[in-house]
Every structure is written in structure tokens, then in C-alpha cells.
Amino acid sequence: MNQFSLLVLLFLFCTAAEAQTRHLVFQSNATFLAPEVNVVLFNDKTHPVSVALDFGTRGADLDFLTDRTCYSRNRAAQFAGTRFEAFFDKDGVKRPKLFEAESTIAVIPPGSFAHRSIPVGFFSSLPCEILYTLRDLPGDRRVTRQFMVKPTTDAHVQNVLDVRVDSSVEDFSDKRLIFITLLFKNSANKPARFKLMRKTLLGCAADIRDGMVRQGMEGSTVEIDPVSYAATKTVIELRKRASAANCRLMVEFSAMDGTALPEHLRKITVPMKRRGEFKFWPSVMLHQ
């Protein structure tokens, strides 16, 4: 988009005195409430790790607060599913508000990652800084960080894509809901854009519940800033007594201008075997 894009992407490696989990932060422009702040947590260890993530001031080091801290004019409207949101989520499926809660816990398998995001736009005056706090569990090793959120601008989109994709799978609640995240990395110095064609389930009795994902995050259009990332979400609901053991999700994309995408982007198949867990802090669960 411009030189700002190089500043938007922050790789933050936490020291041993703070949280141990490697993570990155980036800004996206996927939903009506864009921009969104995205945090990706990586597990480089040989065993599962548990990481808590808080957006905003909950659990934060308040010394980080400044006069530029992002301020939501109406937090309830951002999370509670108002008539305003229903107008833009036209499929009529009520999205569980906890999917975008301010506080979550990720149990990440070895060699995998977990993605969390929060919408910042519309409710805040930009540019502003959002706080987020990571806690490695158990032990509650903590680090509070700031991320600068700025308005997005239009830019020329390249036709040749230099995009890599990875995936993660997480269970939610009673393990009947499965979250699948596709994480795209654009290594080029121009933005990339492509669109979702279809999602298909293979080998399982389940249903795709994209209505549970904020409109835009399901991947209808994927736009990635230069030298940055984008993430899409899919929610799978297993039918009664169904198993995810042999279940796979196939996601198919197409270029916006009709040119051919690389094979690894045209058709992405994700098995649901190695799964992490998506949890919430007890104080958040009380508002379910």
C-alpha cells in the first residue's frame, strides 16, 4: 500500500523474562468494522502450549496507556450483535459474540499456530494504538504491547502472487464446533487480492457455518498488504455422533482479474486431525 505497510507488520519475540510465545501482529481490512488487529501465536515447542490473549486494558500494564490509545465509543455495539450489525450480516445467522471476545485462551499443538483478531475501525478514531496482553500459562508470564492502527488506503494490486498459505484447526466448547484458520503470507512489495469460490467438506457428516464468522473474515475476498499477512476463518459444526477423524475442508479461490492462481492457492485442503483448543477466561464465559 505504501511504506506504512512495512511498519504495520510487527514481529514481536518475547524474552524469557516475559511471555515465551513467538507471535506476530498485523492489520487487515476484511470486514465492515475494519481495520482489524490480528495476533498470530506460534508454538515452536515439541509439546502443546497454552497462551491467554487479552485485547484492550484487561490484564494490561496501564503504564502503556497514552492519549493515542484506541477508544471504542460503543463497546456493546462492537460485541453484542446489534441491529446495526445485523444489517451488514445479511445471512440472518446469529454470530456468537464470544467468538470475538476480548479475552481468549489458545491451546496450540506443536508446530502449529492460533489466530485471534478484534475489529477496531468505525468505533475508534484512527490512527490510534491498541493494547494487547499475552500470558503464557501456567505461570502467568505476561507481556503487554501496543500496536499502531492506521486508516487503509487504496493501492495497485499485483497479478502475480507470491503468497504462501498455512492452516490451523481448533476445537471450541463441546468439540462439536471446529475452527479452521488459513493464514496467508504475501512476500511481495505490492498488495495481493483473490476471492473465495467455494468451500466443500470431504469425508465427514458436518456443516459449514460461515454465518458464525464476521462477514469478510470467511474469505469472500482476501486482500493482503505488501510483505504482510491475512487470515480467513471457517467454522465447521459436526452433526450428532459424527466424527472429525476423516474430515477435510477444501477451500477454492480464484484471482479477481481472471488470471490463474498458483495451484497451492486454487485448492487448499485442510485435514482436521491435529487440533488445538479455543477457550475463554471464566469472567468472559459469564456473559455467554
Point to revise | Within-4.5 Å side-chain heavy-atom neighbours: Val251 and Leu182 | key: yes
Review point. Excluding sequence neighbours, so at least two apart, what forms side chain to side chain donor-acceptor pair (under 3.5 Å) with Arg266?
Key: Glu263
Point to revise | Non-hydrogen atoms of Lys233 and Asp210 that approach each other most closely | key: O-OD1, 4.0 Å
Practice item. Using atom types as modelled and distance alone, determine if a side-chain donor or acceptor of Asn186 lies under 3.5 Å from a backbone N or O of Asp225. Key: yes
Revision key, fill the gap. Nearest heavy-atom contact between Arg239 and Ala206 is NH2-O, 3.5 Å
Check your understanding: Do Val37 and Val25 pass the side chain to side chain contact (heavy atoms under 4.5 Å, CB included) test, and can you show the C-alpha distance, the side-chain angles, and the key distance before you say yes or no?
Key -> CA-CA 7 Å; Val37 171; Val25 190; 3.9 Å; yes
Review point. Just by distance, do the side chain of Asp136 and the backbone of Asp140 share a donor-acceptor pair under 3.5 Å?
Key: no
Review point. So how far is it from Arg193 CZ to Ile224 CD1, rounded to the nearest 0.5 Å?
Key: 11.0 Å
Review point. Roughly how far, to the nearest 0.5 Å, is CG of Asn38 from OG of Ser228?
Key: 8.5 Å
Check your understanding: Are Val107 and Ile178 grouped together when hydrophobic residues (ILVMFWY) are joined by side-chain heavy atoms under 4.5 angstrom apart?
Key -> no
Check your understanding: Sequence neighbours excluded, which residues qualify as salt bridge (charged side-chain N to carboxylate O under 4.0 Å, His left out) partners of Arg241?
Key -> none
Point to revise | Cluster link Val120 to Leu53, ILVMFWY, side chain under 4.5 Å | key: yes
Revision key, fill the gap. Looking only at heavy atoms, the pair that brings Arg248 and Pro271 closest together is CG-CA, 3.9 Å
Check your understanding: Linking I/L/V/M/F/W/Y whenever their side-chain heavy atoms sit closer than 4.5 Å, directly or via other members, would Leu131 and Val40 fall into one cluster?
Key -> no
Check your understanding: Where do Leu134 and Arg142 land on the side chain to side chain contact (heavy atoms under 4.5 Å, CB included) test, with the steps shown first?
Key -> CA-CA 6 Å; Leu134 296 173; Arg142 174 188 309 189; over 6 Å; no
Check your understanding: In this structure, are over 12 heavy atoms from other groups packed under 6.0 Å from Asn246 atom CG?
Key -> no
Check your understanding: How about Phe55 and Phe147: are their ring centroids closer than 6.0 Å?
Key -> no
Point to revise | disulfide (SG to SG under 2.5 Å) pairs, two or more places apart, involving residues 191-262 | key: Cys204-Cys247
**Study point:** Joint hydrophobic cluster, Ile130 plus Leu126, side-chain heavy atoms closer than 4.5 Å
**Key:** yes
Check your understanding: Would you say the side chain of Gln27 lies within less than 4.5 Å of the side chain of Asn29, judging by non-hydrogen atoms?
Key -> no
**Study point:** Heavy-atom side-chain contact between Ser117 and Met217 under 4.5 Å
**Key:** yes
Practice item. Report yes if some heavy atom in the side chain of Leu249 is under 4.5 Å from a heavy atom in the side chain of Thr269; otherwise report no. Key: no
Review point. Does Ile108 offer a backbone N or O that forms a donor-acceptor pair with the side chain of Asn43 under 3.5 Å?
Key: yes
Review point. Thinking salt bridges, do Arg176 and Asp171 make one under a 4.0 Å N-O criterion?
Key: no
Study note, to complete from the structure: With Lys199 as partner, the option from Ile180, Thr232, Thr234, Ile236 fulfilling side-chain contact (heavy atoms from CB on, under 4.5 Å) is Thr234
Check your understanding: Is it true that Met256 and Leu196 fall in one hydrophobic cluster, defined by side-chain heavy atoms closer than 4.5 Å?
Key -> no
Practice item. Decide, yes or no, whether a salt bridge links Glu218 with Arg209 under the criterion of side-chain N to carboxylate O below 4.0 Å. Key: no
Check your understanding: With under 30° as parallel and over 60° as perpendicular, where do the rings of Phe172 and Phe179 fit, or are they tilted in between?
Key -> perpendicular
Practice item. Scan Cys128, Cys70, Pro127 and name whichever one has a side-chain contact (heavy atoms from CB on, under 4.5 Å) with Met148. Key: Pro127
Revision key, fill the gap. By salt bridge (charged side-chain N to carboxylate O under 4.0 Å, His left out), Arg198 pairs with (sequence neighbours left out) Glu252
Exercise for review: Sorted by first residue and then second, give each salt bridge (Lys or Arg N to Asp or Glu O under 4.0 Å) pair with at least one member in residues 27-38; sequence neighbours left out.
Suggested key: none
Point to revise | Closest non-hydrogen atom pair, Ile268 against His264 | key: CG1-O, 3.3 Å
Check your understanding: Does the side chain to side chain contact (heavy atoms under 4.5 Å, CB included) test come out yes or no for Leu177 and Val235, once each step is laid out?
Key -> CA-CA 7 Å; Leu177 292 181; Val235 179; 4.1 Å; yes
Review point. Side chain to side chain donor-acceptor pair (under 3.5 Å) between Arg116 and Thr104: does it pass, once the steps are laid out?
Key: CA-CA 8 Å; Arg116 302 289 185 266; Thr104 67; 3.1 Å; yes
Check your understanding: Is a side-chain donor or acceptor of Ser112 paired with a backbone partner of Pro109 at a separation under 3.5 angstrom?
Key -> no
Practice item. Can you see which heavy atom on Ala231 is nearest to which on Leu183, and at what distance? Key: CB-CD1, 4.4 Å
Check your understanding: Taking the side chain as C-beta and beyond, is there a heavy-atom pair between Leu265 and Val165 under 4.5 Å?
Key -> yes
Exercise for review: Check Met250 against Leu202 and note the closest heavy-atom contact, atom names and distance.
Suggested key: CB-CD1, 4.2 Å
Exercise for review: I would like to know whether Lys195 and Thr221 meet side chain to side chain donor-acceptor pair (under 3.5 Å); could you show each step before the answer?
Suggested key: CA-CA 4 Å; Lys195 61 182 178 180; Thr221 300; over 6 Å; no
Exercise for review: Kindly indicate whether the side chain of Thr57, heavy atoms from C-beta on, has any atom under 4.5 Å from the side chain of Leu62.
Suggested key: yes
Review point. To the nearest 0.5 Å, how far apart are OG in Ser50 and CZ in Arg135?
Key: 14.0 Å
Review point. Hey, does the side chain of Lys185 reach the backbone of Ala230 with a donor-acceptor pair shorter than 3.5 angstrom?
Key: no
Exercise for review: List the steps, then state whether side chain to side chain contact (heavy atoms under 4.5 Å, CB included) holds for Ile208 with Leu201.
Suggested key: CA-CA 8 Å; Ile208 297 173; Leu201 288 175; 3.8 Å; yes
Check your understanding: Excluding sequence neighbours, so at least two apart, what forms salt bridge (charged side-chain N to carboxylate O under 4.0 Å, His left out) with Asp166?
Key -> none
Check your understanding: What distance do Thr21 atom OG1 and Phe113 atom CZ have between them, rounded to the nearest 0.5 Å?
Key -> 14.5 Å
**Study point:** Any side-chain heavy-atom pair of Phe184 and Val222 under 4.5 Å
**Key:** yes
**Study point:** Check ion pair Arg68-Glu129 (N to O, under 4.0 angstrom)
**Key:** no
Practice item. Could you tell me if the ring centre of Phe64 sits under 6.0 Å from that of Tyr132? Key: no
Point to revise | Nearest-0.5 Å distance that lies between atom NZ in Lys267 and atom CG in Leu261 | key: 13.0 Å
